[in-house]
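Here is the structure we will look at, set down as structure tokens.
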Amino acid sequence: MDLGLRNRVYLVTGGSRGLGFATAQVLVGEGAQIVVSARHEQAVTKAAAELGGPDHAVGLAEDNSDPGAAERLVAAAVARYGRIDGGFISVGGPPPGPVMEATDEQWRSSFETVFLGGARIARAIASSVGDGGSICLVLSTSVRSPVPNLAISNGLRPGLAMVAKTMADELGPRGVRVNGLLPGRIATDRTRELDSASGDPDVARARMSASIPLRRYGGPEEFARVAAFLLSPAASYITGVMLPVDGGALRTI
């Protein structure tokens, strides 16, 4: 199926590795042009080069928590490619740990990056896209069910999901779609770090895999194909959806 992504322009935050980079690869492979961002200049420059260079991707070192980052990223897309059609908004996960051990500073820092940064970038993209625009926020299965030992993520992701749902209502009359993606156990650096924190990553992965109906972790490319579809014109009648990509792990309907 042709997703209709050729010559469309997207912003991909958190795009130097993991789910962001995998999604950028699929978008570019389908003919889209992207502005990819991450906090570290060397990493984002390398990612843009691997995605094909300036004809296909440009990289900017930006931190989502910076109040000026959103406008700079959107402006870069318009300056380089003449337009922007949507965005894939992802950030690194907050520090793990239980509620009783999370510090106020960890909560504040995570709120600035995950919640406020995500909402700010979504607003900036929404202000610049026209009919057919599409925004996807990378959230977590914690939107529907808490993930053990990820208290801060459990606290912030559901609120951002409701922001996305509200934006879908507000932007729908303009033909702009807003959706959320709820990754489960996807084999990324972040997941490997969480497994390693248990003391025995192999045992942790085996235990988690046994709780997933498909009995395995997902690959970043599997998640990325779903993200590219939701961003694309092929998903033109889907908005306000929080879509799990988790191998069936969530036990909610």
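Model, not experiment: these values are computed from the prediction.
Closest non-hydrogen pair, Gly130 versus Val176, comes out as O-CG2, 3.6 Å. Lys165 approaches Gly240 most closely through the heavy-atom pair NZ-O, 3.0 Å. Shown here for Ala249 and Arg251, the closest heavy-atom pair between the two residues is O-CD, 3.1 Å. Closest heavy-atom contact between Val74 and Ser128: CG1-OG, 3.3 Å. Scanning all heavy atoms of the two residues, the minimum distance from Asp63 to Ala69 falls at O-CB, 3.4 Å. The two atoms that bring Ala77 and Val9 nearest to each other are CB-CG1, 4.1 Å, heavy atoms only.
Counting only residues at least two apart or on different chains, no ring pair (Phe, Tyr, Trp, His ring centres under 6.0 Å) pair has a member in residues 219-238. Note on residues 142-152: pairs passing side-chain hydrogen bond (donor to acceptor under 3.5 Å, both in side chains), not counting sequence neighbours, are Ser140-Ser142. Counting only residues at least two apart or in different chains, ring pair (Phe, Tyr, Trp, His ring centres under 6.0 Å) contacts with residues 44-92 are absent. The ring pair (Phe, Tyr, Trp, His ring centres under 6.0 Å) contacts involving residues 103-147 comprise Phe111-Phe115, where partners must be two or more places apart or lie in separate chains.
The side-chain heavy atoms of Arg157 and Val114, taken from C-beta on, include a pair separated by under 4.5 Å. Within the 4.5 Å cutoff, no side-chain heavy atoms of Ser134 are placed close to those of Ser232. Looking at heavy atoms from C-beta onward, Arg120 lies in side-chain contact with Pro67 at the 4.5 angstrom threshold. In this structure, Leu150 and Leu194 have side chains that are in contact, with non-hydrogen atoms separated by less than 4.5 Å. Residues Phe21 and Val36 form no side-chain contact, since every pair of their non-hydrogen atoms from C-beta on lies 4.5 Å or further apart. Counting only heavy atoms from C-beta outward, the side chains of Leu27 and Leu5 approach each other to under 4.5 Å.
Atoms CD and CD1, on Glu222 and Ile186 in that order, are 7.0 Å from each other to the nearest 0.5 Å. The CG atom of Asn64 sits 8.5 Å away from the CZ atom of Arg39 when rounded to the nearest 0.5 Å. Residue Leu171 holds its CG atom at 11.5 Å from CZ of Arg123, rounded to the nearest 0.5 Å. To the nearest 0.5 Å, the span separating CG on Asn154 from OG1 on Thr141 amounts to 8.5 Å. Annotation: the span from Gln42 atom CD to Ser16 atom OG amounts to 11.0 Å, rounded to 0.5 Å. Put simply, CD1 on Ile135 and CD1 on Ile121 are 11.0 Å apart, with the number rounded to the nearest 0.5 Å.
Not one N or O on the side chain of Arg8 forms a donor-acceptor pair closer than 3.5 Å with the backbone of Ala32. Counting only distance, with no hydrogens or angles, the side chain of Asn179 and the backbone of Leu230 share no donor-acceptor pair below 3.5 Å. With Ser65 contributing its side chain and Gly117 its backbone, the two residues share no donor-acceptor pair below 3.5 Å. Remark: the backbone N or O of Tyr10 is not paired with any side-chain donor or acceptor of Asp85 at under 3.5 angstrom. No donor-acceptor distance shorter than 3.5 angstrom exists from the side chain of Ser90 to the backbone of Thr13, with no hydrogens or angles considered. Under a 3.5 Å cut-off, the side chain of Ser109 and the backbone N or O of Glu105 do not form any donor-acceptor pair. When atom types are taken as modelled, the side chain of Ser211 and the backbone of Met208 share a donor-acceptor pair closer than 3.5 angstrom. Side-chain atoms of Arg216 do not come within 3.5 Å of backbone N or O of Pro213 as any donor-acceptor pair. Judged by distance alone, the side chain of Gln33 and the main-chain N or O of Asp55 form a donor-acceptor pair under 3.5 Å.
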Does the pair Ile89 and Ile125 meet the rule for a side chain to side chain contact (heavy atoms under 4.5 Å, CB included), with working shown? CA-CA 10 Å; Ile89 303 170; Ile125 294 170; 4.2 Å; yes
Could you go step by step and tell me if Leu156 and Leu160 meet the side chain to side chain contact (heavy atoms under 4.5 Å, CB included) rule? CA-CA 6 Å; Leu156 297 180; Leu160 193 55; over 6 Å; no
Derivation and outcome, side chain to side chain contact (heavy atoms under 4.5 Å, CB included), residues Val178 and Leu137: CA-CA 8 Å; Val178 183; Leu137 290 95; 4.0 Å; yes
Under the side chain to side chain contact (heavy atoms under 4.5 Å, CB included) rule, what do Leu182 and Asp246 come out as? Steps first, then yes or no, please. CA-CA 7 Å; Leu182 314 184; Asp246 68 345; over 6 Å; no
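Applying the side chain to side chain contact (heavy atoms under 4.5 Å, CB included) criterion to Arg6, with sequence neighbours excluded, gives no partner residue. A search for salt bridge (charged side-chain N to carboxylate O under 4.0 Å, His left out) contacts involving Glu71 returns nothing, not counting sequence neighbours. For Glu41, the side chain to side chain contact (heavy atoms under 4.5 Å, CB included) partners at least two apart in sequence or on another chain are Thr45, Ala61. Listed by chain and residue number, Glu62, Asp66 satisfy the salt bridge (charged side-chain N to carboxylate O under 4.0 Å, His left out) test with Arg72 (two or more places apart in sequence, or in another chain). Taking Arg17 as the reference, Asp189, Glu193 meet the side chain to side chain contact (heavy atoms under 4.5 Å, CB included) condition, with sequence neighbours excluded. Here Glu101 pairs with nothing under the salt bridge (charged side-chain N to carboxylate O under 4.0 Å, His left out) rule; sequence neighbours left out. Glu30 is linked by a salt bridge (charged side-chain N to carboxylate O under 4.0 Å, His left out) to nothing, counting only residues two or more places apart in sequence or in another chain. Looking at residues two or more places apart in sequence or on another chain, you find a side chain to side chain contact (heavy atoms under 4.5 Å, CB included) between Thr191 and Arg185, Thr188, Asp195, Tyr217.
No chain of hydrophobic side-chain contacts below 4.5 Å, direct or via other Ile, Leu, Val, Met, Phe, Trp or Tyr residues, connects Met242 to Met162. Ile253 and Leu181 are assigned to two separate hydrophobic clusters, defined by single-linkage of ILVMFWY side chains at heavy-atom distances under 4.5 Å. Placement of Leu243 and Val147 in two distinct hydrophobic clusters is found when ILVMFWY residues are connected by side-chain heavy-atom separations under 4.5 Å, directly or transitively. Note on Leu250: it does not cluster hydrophobically with Leu139, by side-chain heavy-atom contacts below 4.5 Å among ILVMFWY residues. No continuous path of hydrophobic side-chain contacts links Val58 to Leu51 [ILVMFWY only; heavy atoms under 4.5 Å].
Between Glu112 and Arg108 there is no salt bridge, since no side-chain nitrogen of the basic residue lies less than 4.0 Å from a carboxylate oxygen of the acidic one. The pair Asp202-Arg207 does not meet the salt-bridge criterion, since no charged nitrogen lies less than 4.0 angstrom from a carboxylate oxygen.
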